[in-house]
Enquirer: 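What follows is a structure written as structure tokens; I'll ask about it next.
All residue numbers in this chain count up from 1 along the given sequence.
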Amino acid sequence: MLYTFLYTGTLPYCRLVLDIDSTRYQTFRTVALSPWSMKAFFGVVSDTVPLFGYYKKYYIFIGSSLAVAAFAILATMPLTASAADFAAMLFFLGNMAVVVVDLLCEGRYAELMVEKPYTGSDLVSYIWGVYQIGQLLVSGVVGPMADAGYARGMFYICVPLAAQILVPTGLNYLGEKQLPPAERRIRVDKIKAHKGIFTLASAMALAAVILIPVSMFAGDTAVLVYALLSSAAMCALGFAVLPRMLAQCNLYMFLVSAMYIQIDGALDYFYTSDNECVPDGPDFSFTFYNTWSQIVQAIFGGIGVVLFQTWMNGWRFRRLFWVPTLLRVAASLVDIFIVKRWNKAIGMSDESAYMLGYNIIYQVAYMMEFMPAVILTSKLCPKGIEATMYALLAGFQNFGQGIALSLGRVFMGALHIESQAPCDFTRLPLLIVICHFIFPLATIPLTFFLIPDSKMTDDLIDGASPAAAPGTYAPVRLDDDPDDLPLISGADADAAFQMTDMAVEGTLADVALTD
């Protein structure tokens, strides 16, 4: 519920409370979603640095307490445009709490499922069933409250939601055992044993952290340079640390995220601006844009999964990636259709056209692309550290979405998109063509170089062990001490439930994830 509040509540808060333009809104989202790129690092730290004898408990305490304070400030303080950067950091703290709690609680219920395998999928079904209910409930609240003038007041609801986790954590519902005093130390042995993973996770977190001040204070040229350099550095480090085929696939999925350049600032503001800013424009209410749209997206995301299972199940990986890319591009053409007002010329309402494009075609295509990404990743992960790899790869894709937001800001500035009087969306169709048509299509040829031409049923690593990447991974043996295994807290849940987790981040983030 907190994640949905943060994701769907960002636009009305930025428009109605802060009253910032589309470019600053783009930067706001980059900062707010940064914690999703740091997920692997949070896991590594919690698994190697116990606090007061616990690997999970006090990290949840710290994250949730900071979120409670952040939401209280958002709800009570009438912040203005001059405090937009401060407000973005409050959203950052809220997302960080969601990431930490999500990661560490997943780790615990994954452990329980291993201990009690007879439960099958019951626990997962219950957890994600409750999540879907919470998502729909919050979606039904955010839009109407924003339209009623409570874009700031809605965060009062978030305070108890963020605080409630403190009670079961304090009562140790996680069932975590406190380490004896002699073992309360930084696990340097784990860091040394898996230094490649630790280095990659740390570098990704550092790159995401540096992106925050660059986005806030630097000009478009500096943002562009940093986005390109940090992306190149992370991809190069990925090739140095990961097995080659996994590194190639990771590069492809990173580029797919980064090259679908996010221009939410331009599109969100175009669709929700009044007729004074966009004469004869859509002028969508937040109830339509944040509530009904979310419901339809959830429905057609599920249809995308069904279509994948029934229609695409026998396809090879390359085709599984480039076909959904074409469908996502087709969805972007509907945006151009609306911006140019061609839908009006044929008697089609803005609401119907928007539902057809982003909420139906795009969501179906997104799930069709997401499913093979999860399957391919699971087949390429080195044995014994599958969980850790999932956390890293999810972080890579979320970092790609952060880069996509930064690049979107640069292109919006270059094409002089203005969302405040005097508004100017004249070049919005060209922006859509560049960011949602040309760049995504450029990833299709990469499919034939970076993605294996294999079926989903093929064995892609031929039983390779973690030792296939010398100096990076330590093989896992049956006689290993369980406390020394290379699992990061919560990452094992990512291995089991990544399909759901990444789907949530992807709507963010967009993903996150989150991101």
Enquirer: For S419 and D21, does a side-chain donor sit closer than 3.5 Å to a side-chain acceptor?
Expert: no
Enquirer: Is a side-chain donor-acceptor pair under 3.5 Å present for D350 with Y271?
Expert: no
Enquirer: Hey, is the main chain of V142 close enough, under 3.5 Å, to the side chain of N290 for a donor-acceptor pair?
Expert: no
Enquirer: So, using salt bridge (charged side-chain N to carboxylate O under 4.0 Å, His left out) as the criterion, who are the partners of R184 when residues are at least two apart?
Expert: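 R184 satisfies salt bridge (charged side-chain N to carboxylate O under 4.0 Å, His left out) with no residue once adjacent residues are dropped.
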Enquirer: Below 30° counts as parallel, above 60° as perpendicular, anything between as tilted: where do the rings of F41 and F198 land?
Expert: tilted
Enquirer: Taking V223's backbone N and O only, do any of them form a donor-acceptor pair with R409's side chain (distance below 3.5 Å, no angle check)?
Expert: no
Enquirer: We want to know whether T287 and S285 form a side-chain donor-acceptor pair, criterion being a heavy-atom distance below 3.5 angstrom.
Expert: no
Enquirer: Can you list everything that forms a ring pair (Phe, Tyr, Trp, His ring centres under 6.0 Å) with F411? Sequence neighbours excluded, please.
Expert: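 Expected list: F439.
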Enquirer: Would you call the rings of F61 and Y58 parallel, tilted or perpendicular if under 30° counts as parallel and over 60° as perpendicular?
Expert: tilted
Enquirer: Quick check against the 3.5 Å criterion: does E176 have a side-chain atom that pairs as donor or acceptor with the backbone of Y55?
Expert: yes
Enquirer: Relative to Y269, does R15 satisfy both conditions: NZ or CZ under 6.0 angstrom from the six-membered ring centre, and within 45 degrees of the ring's axis?
Expert: yes
Enquirer: Got a second to check how far L211's CG is from T30's OG1, nearest 0.5 Å?
Expert: 6.0 Å
Enquirer: Are the aromatic ring centres of W36 and Y3 under 6.0 angstrom apart?
Expert: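 That pair passes the under 6.0 Å test.
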Enquirer: Keeping R328 on the side-chain end and Y362 on the backbone end, is there a donor-acceptor pair under 3.5 Å?
Expert: no
Enquirer: Applying ring pair (Phe, Tyr, Trp, His ring centres under 6.0 Å), can you list everything that pairs with F155, at least two apart in sequence or on another chain?
Expert: Y13, F91
Enquirer: Counting N and O atoms only, with roles assigned by atom type, does the side chain of R427 sit under 3.5 Å from a partner on the main chain of I417, one being a donor and the other an acceptor?
Expert: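 No; zero donor-acceptor contacts below 3.5 Å.
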